[in-house]
Amino acid sequence: MKRYYITTPIYYVNSAPHIGTALTTIVADACARFQKQRGREVYFLTGTDENAPKVHRVAQERGVPTQQFVDEMAEVFAHTWRALHIEYDVFIRTTEARHTRVVSEVFRRLREQGDIYKGSYQGWYCIACETFFASSKIDQSRTCPDCSKPLEWRDEPCYYFRLSAYEARLREHILANPQFVQPEVRRNETLGFIGEGLQDVAVSRTGADWGVPVPDDPDSGVVYVWFDALLNYLTATGWLERGENYLDTWPPDLQLMGKDILPRFHATIWPAMLMALGLPLPERLYGHGWWIVNQQKMSKSLGNVYAPLEVAQSLAQASGCEQPYAIDAFRYYLLREMPTDSDAEFSLEGFEARYNGDLANDLGNLLHRTLSMMHRYFGGRVPQDARVDASIADLFAQQAARVTEAFEAVDYPRGLREAWQIIGAVNRYYDEQAPWTLMKQGNAERAGQVLYAGLIAARLLSGLIEPVMPQVARAIAQQLNLSAVPCWSDATVMNAIPSGHLLQEPTPIFPRLQTKTKTPTEAQAAPAATPTPLKEPKPMPEPITIDDFKRLQIRIATIKAAEPVPKSNKLLKLTLDVGGEERTIVAGIAEDYAPDQIVGKQIPVLVNLQPALIRGIVSEGMMLAADVDGKAVLLHPDRAVPSGSVVR
RNA sequence: GGCGGCGUAGCUCAGUUGGUUAGAGCAACCGGUUCAUACCCGGUAGGUCGGCGGUUCGAGUCCGCCCGCCGCUACCA
C-alpha cells in the first residue's frame with residue numbers, strides 16, 4: 001500500500017519559527033500521527049527554503065557565510081520541531097544536491113517540451129517579498145506596497161512557464177475534485193483567481209548569485225525561488241533517483257500550508273507544473289487561517305510575534321507542569337483554536353483558560369479522581385468481572401467515531417470537542433452513580449463497575465488524543481500501567497483492561513494554574529497581553545524587587561470570632577481585628593483547626609488582597625500559614641503584639 | 001469598482017437542505033456533591049441572530065438595499 005504522504009511548506013530561514021509556522025507543522029504532525037494510529041505507513045516531510053536571494057542578503061548583512069547561516073537556521077527549525085514533538089520523517093533543505101538536481105532536470109524537461117520559453121521581464125521588484133509589482137501599484141516613493149521596503153527596477157532576459165496553457169485543465173480538476181482545495185473558502189478564491197485568466201509566470205531571475213543556476217544557460221541567472229521551492233515535495237520522494245519506486249510515496253495525500261500560499265501557488269502553479277511533467281496531482285491541499293493577536297496580524301514590527309517554545313516554557317514555569325506536557329498543552333491549544341476558514345485570535349489568556357479548563361479540570365482531574373478511587377477502594381487493582389455499562393459504552397463508541405470523522409477532515413477544534421464529550425459524560429456518570437456512596441453502602445461490586453468505565457474512558461482518550469498530545473497520551477497510559485498507548489482501533493475496545501490489573505498511583509499531569517485575579521482597573525492599566533519577546537526569553541524564576549514586596553500589605557490580626565461555613569467541610573469564616581478595623585475572611589483550615597481552638601490567636605494576614613466571594617461570603621484578605629503536606633499550620637507572633645502591626 | 005466571506009450571549013465560537021420556546025464552552029450568579037487538581041454535577045441569568053425592507057403559513061437560514069470588518073482583484077489617481 002502506498003505510504004500516506006503529508007507535507008508542510010518548506011519555511012523561509014530568514015526568521016525563527018513562530019506560532020504560525022508552528023500551527024502548520026503541528027497540524028501536519030497531528031494528521032501524520034492520526035494516520036499512524038490508524039495503521040497507515042506515513043511519510044511526513046518538512047524542511048527549509050534556502051535558495052532565496054533574500055537569504056543571501058540577510059546572511060551578508062550579518063557578516064556570516066551564507067551556507068553557514070542557512071545551516072544554523074535549518075538547525076533552529078529542526079530543533080524547534082523536535083522540541084514540539086514533531087515526528088517528521090524527512091527534513092529537506094533546498095540547498096541539498098539531490099534537490100538542485102531535481103530542479104535542473106524539471107527545468108530542462110519543461111524547456112525541451114516548450115512549457116518553459118525565453119522572454120524578458122521588466123518591472124519593479126521587491127527582494128524581501130520576492131515579487132514584481134505593476135507600475136500602477138507603485139507611488140513616488142518606489143517602495144513595496146506590502147512591506148514598504150525600497151523596490152529595484154529589473155529589466156532582464158527571463159524564462160517563462162506556460163501557466164496559461166493549463167488554465168482550463170486546472171479549473172476542471174478543481175471543479176471535479178471538491179477535496180482538492182480545502183477549505184471551501186480557499187477553493188472559491190482559487191477558482192476566482194483562475195477565472196480571471198492565468199498569465200505565464202517568470203521562472204528565472206538574473207542578478208542573483210544564490211540559488212539553482214538555470215541549466216545550460218549561465219547568463220540567465222537562477223531558477224525562481226517558487227519554482228524551486230515547490231519541487232521539494234517531489235525531491236523528497238526520490239523521484240529521479242529511485243526509478244518507479246518513488247510511486248510508493250507520490251502523490252501527496254495531504255499538503256498543509258497557510259492560506260496565503262494556497263490559491264496562487266499550491267493550487268495553480270504547482271499542479272500546473274505537475275501536469276506539465278505528466279505526474280499525478282496531490283490528493284488534497286489544505287490552507288489554514290492565520291493567528292491574529294489583539295485584532296492585529298502578527299508582525300515583527302508590532303512586536304507581537306510569539307515563539308512557540310517560550311510560550312510553552314512560560315506555562316510550564318507558571319503552573320509547575322512538566323515540560324513535555326506543557327508542550328503538549330500548547331499543541332492542544334493551537335489545534336483546539338485552530339483557524340480554519342478565517343483568522344482566529346491567539347492569546348496567552350486563552351491558552352491559560354484552555355489549560356485550566358480542558359486539561360487540568362477535565363482531562364487531568366478525571367484521570368486523577370478515577371485512579372484515586374481505584375486505589376482507595378480497591379488497592380489499585382481492577383476488580384473482578386468489571387464491565388462497562390452498555391449505555392456509556394455506546395456513547396464512547398459514538399464519540400470515537402465522531403472524532404475520527406473530524407480528524408479526517410482536518411477539523412481539530414471539532415474533533416477535540418467531540419473527544420471532550422466523553423469526559424463530560426463520565427463526570428456526569430460518576431455524579432449519578434456516586435461510587436463513593438456505593439462504597440459506604442457496601443456495594444463495592446457496583447462501585448467497581450462504575451469506576452471501570454472511567455478507566456476505559458481514560459484508555460480510550462489516551463488513544464484519541466495521541467495525535468494531538470503524544471506525551472500526555474503516554475503519561476495516561478503509564479498511569480493506567482498499560483504497556484503502550486492503544487492504537488485507534490484498539491482504543492475503542494471495551495473491557496480491555498483485565499481484572500486484577502494493577503494501576504499506578506495518580507500524579508497530576510497538569511497542575512492547575514493559579515489565576516491571578518485582576519480588578520477591572522488593573523486589567524485596563526496593564527499593557528495588553530505582553531507577548532513573549534522573540535529574542536529575549538524571560539529569566540525564570542523571576543526575582544521580584546523590594547518594591548514588589550512592598551505592594552503586599554501584611555498585618556497581624558487577632559481572631560475575634562470563628563465559625564464553620566455552612567455546607568462546606570474545609571472552610572472557616574473568621575472575624576478579625578486588624579487594628580481598629582474589622583475584617584471577615586474565609587480560610588480553608590476547618591479540617592485542621594476547630595473554631596474555638598483559634599479564637600483569640602494572632603495571625604498574619606494579607607490585607608490588600610482583592611476581595612473574593614467564597615460560598616456567598618466576601619473574604620477580605622488571606623490568612624498566611626505554613627503548608628505541611630496540604631495541612632495548614634498557623635503562624636503566631638513570638639509575643640502578643642497590637643492588632644494591625646505591620647509585617648515586613 | 002468587481003468577486004468571495006464575515007457580522008449570533010460579556011468572551012471564543014456552533015447552527016445541516018428555511019420548521020416547534022436560537023445552542024455549546026468559558027466568565028457570572030444560585031444550588032448540589034465530596035472520590036478528585038478550590039474539582040465535579042445541576043440550575044439561573046444573559047441575544048431586536050449588524051440595520052431596514054421583501055418572499056413565505058413560518059427566516060439566524062432565501063432575496064434586495066444599507067452599515068461595519070476581512071481576503072482577493074481591478075481601475076482611477
What is the pairing partner of B:rC11, taking Watson-Crick or G-U wobble pairs with both distances under 3.5 Å in any strand? B:rG25
Compute the ring centroids of A:Phe265 and A:Trp270, then answer whether they are less than 6.0 Å apart. no
B:rG68 and B:rG50: how far apart are their P atoms, nearest whole angstrom? 16 Å
Please state whether the rings of A:Tyr166 and A:Phe161 are parallel, tilted or perpendicular, taking 30° and 60° as the class boundaries. parallel
Charged N-O contact under 4.0 Å between A:Asp260 and A:Arg186: no
Quick test of your reading of the model: are A:Glu432 and A:Arg428 salt-bridged, counting only N-O distances below 4.0 Å? no
Under 3.5 Å on both distances, the Watson-Crick or G-U partner of B:rG19: B:rC57
Reckon A:Gly357 touches a base, only the sugar-phosphate, or nothing at all at heavy-atom distances under 4.0 Å? nothing
With a 3.5 angstrom cut-off on both distances, give the Watson-Crick or G-U wobble partner of B:rC72, or none if there isn't one. B:rG2
For atom P, what is the distance between B:rU8 and B:rG54, given to the nearest Å? 25 Å
Among B:rU73, B:rA36, B:rC40, which is the nearest nucleotide to the side chain of A:Arg264? B:rU73
Most 5' of A:Gln421 and A:Tyr377 on RNA chain B, judged by nearest nucleotide: A:Gln421
Expressed in whole Å, how much space separates the C1' atoms belonging to B:rG31 and B:rA45? 14 Å
When the C1' atoms of B:rG46 and B:rU56 are compared, how many Å lie between them, rounded to an integer? 31 Å
Complement of B:rA45, any strand, by Watson-Crick or G-U distances under 3.5 angstrom: none
Mind checking who B:rU33 pairs with, Watson-Crick or G-U wobble, both distances under 3.5 Å? none
Mind checking who B:rA77 pairs with, Watson-Crick or G-U wobble, both distances under 3.5 Å? none
Given the P atoms of B:rG19 and B:rU37, what is the spacing between them in whole Å? 46 Å
Sugar-phosphate only, base, or nothing, as touched by A:Asn361 at under 4.0 Å among non-hydrogen atoms: sugar-phosphate
Roughly how far apart, to the nearest Å, are B:rA14 and B:rC6 at atom P? 10 Å
Which residue lies toward the 5' end of RNA chain B, A:Asp362 or A:Tyr430, if each is placed at its nearest nucleotide? A:Tyr430
Would you mind reporting whether A:His18 and A:Tyr306 have side-chain heavy atoms less than 4.5 Å apart? no
Classify A:Glu432 by what it touches in the nucleic acid, base, sugar-phosphate, or nothing, heavy-atom distance under 4.0 Å. nothing
Residue matched to B:rC65 through Watson-Crick or wobble contacts both under 3.5 angstrom: B:rG51
